[in-house]
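Keep in mind that the numbers below use all heavy atoms, side chains included, and drop hydrogens, waters and symmetry copies.
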Amino acid sequence: MSDITILRRLAETIESRKSADANSSYVAKLLHGGQDKILKKIAEESAETLMASKDGNAEQVIYETADLWFHCLVLLAYHGLTPDDVLKELERREGVSGIQEKASRTTD
């Protein structure tokens with residue numbers, strides 16, 4: 001299995017839960033709860049990832065990053081996006097200096 005395969009499978013599962021009963025599916029509960037509920041989980045998982053890193057606990061960093069990525073996949077689905085959309089953007093940025101990429105962004 002390739003690395004992207006698991007992301008695509010997770011994304012497909014998340015997509016299939018959009019119409020599920022919120023009482024029977026954690027993903028459906030998040031999606032039915034709306035963007036604020038999803039963003040709250042991402043903030044929580046981000047904080048837990050940061051704390052695991054600060055503690056120097058590599059296993060917890062992996063565990064919490066998996067939680068964070070999962071909840072980011074839920075957010076992508078909420079917006080009708082997929083991991084492939086993010087991968088295309090990363091591919092676009094490949095080989096471009098972070099300083100250059102940031103300078104190329106338009107400011108409002």
Taking every non-hydrogen atom, the tightest pair across I4 and P83
CD1-CB, 4.4 Å
If you look at every heavy atom in S25 and R17, which pair is closest and at what distance?
OG-CD, 3.3 Å
Inter-residue atom distance E48.CD - T65.OG1, 0.5 Å rounding
11.0 Å
Please determine whether the number of non-hydrogen atoms from other residues, nucleotides or ligands lying under 6.0 Å from atom NZ of K18 exceeds 12.
yes
SB check E89 R93 (cutoff 4.0 Å)
yes
Is I62 reachable from L10 through a run of I, L, V, M, F, W or Y residues, each pair having side-chain heavy atoms under 4.5 Å apart?
no
At what distance, to the nearest 0.5 angstrom, does CD1 of I6 lie from CG of L73?
10.0 Å
Residues forming a side chain to side chain contact (heavy atoms under 4.5 Å, CB included) with L68, sequence neighbours excluded
I42, E45, S46, T49, C72
Going only through I, L, V, M, F, W and Y residues with side-chain contacts under 4.5 Å, is there a path from L50 to V61?
no
Donor-acceptor contact present, side-chain D55 to main-chain N57, <3.5 Å:
no
Can you tell me how far the NZ atom of K41 sits from the CZ atom of F70, to the nearest 0.5 Å?
10.0 Å
Rounded to the nearest 0.5 Å, the CG atom of L7 sits from the OG1 atom of T82 at a distance of 10.0 Å
Could you walk me through whether E91 and K88 pass salt bridge (Lys or Arg N to Asp or Glu O under 4.0 Å), step by step?
CA-CA 5 Å; E91 184 176 37; K88 285 176 193 169; over 6 Å; no
Among the clusters formed by ILVMFWY side chains lying less than 4.5 Å apart, do V74 and W69 turn up in the same one?
no
Run the salt bridge (Lys or Arg N to Asp or Glu O under 4.0 Å) test on R9 and E12 for me, step by step, so that the C-alpha distance in whole Å, both residues' side-chain angles and the decisive distance to 0.1 Å come before the verdict.
CA-CA 5 Å; R9 279 200 345 244; E12 289 169 6; over 6 Å; no
Which pairs pass ring-ring contact (aromatic ring centres under 6.0 Å, His included) with one or both residues in residues 6-48, sequence neighbours excluded?
Y26-H71
Which value, rounded to the nearest 0.5 Å, describes the distance between L76 atom CG and E15 atom CD?
11.0 Å
Gap separating the CG atom of D67 from the CD atom of Q60, nearest 0.5 angstrom:
9.0 Å
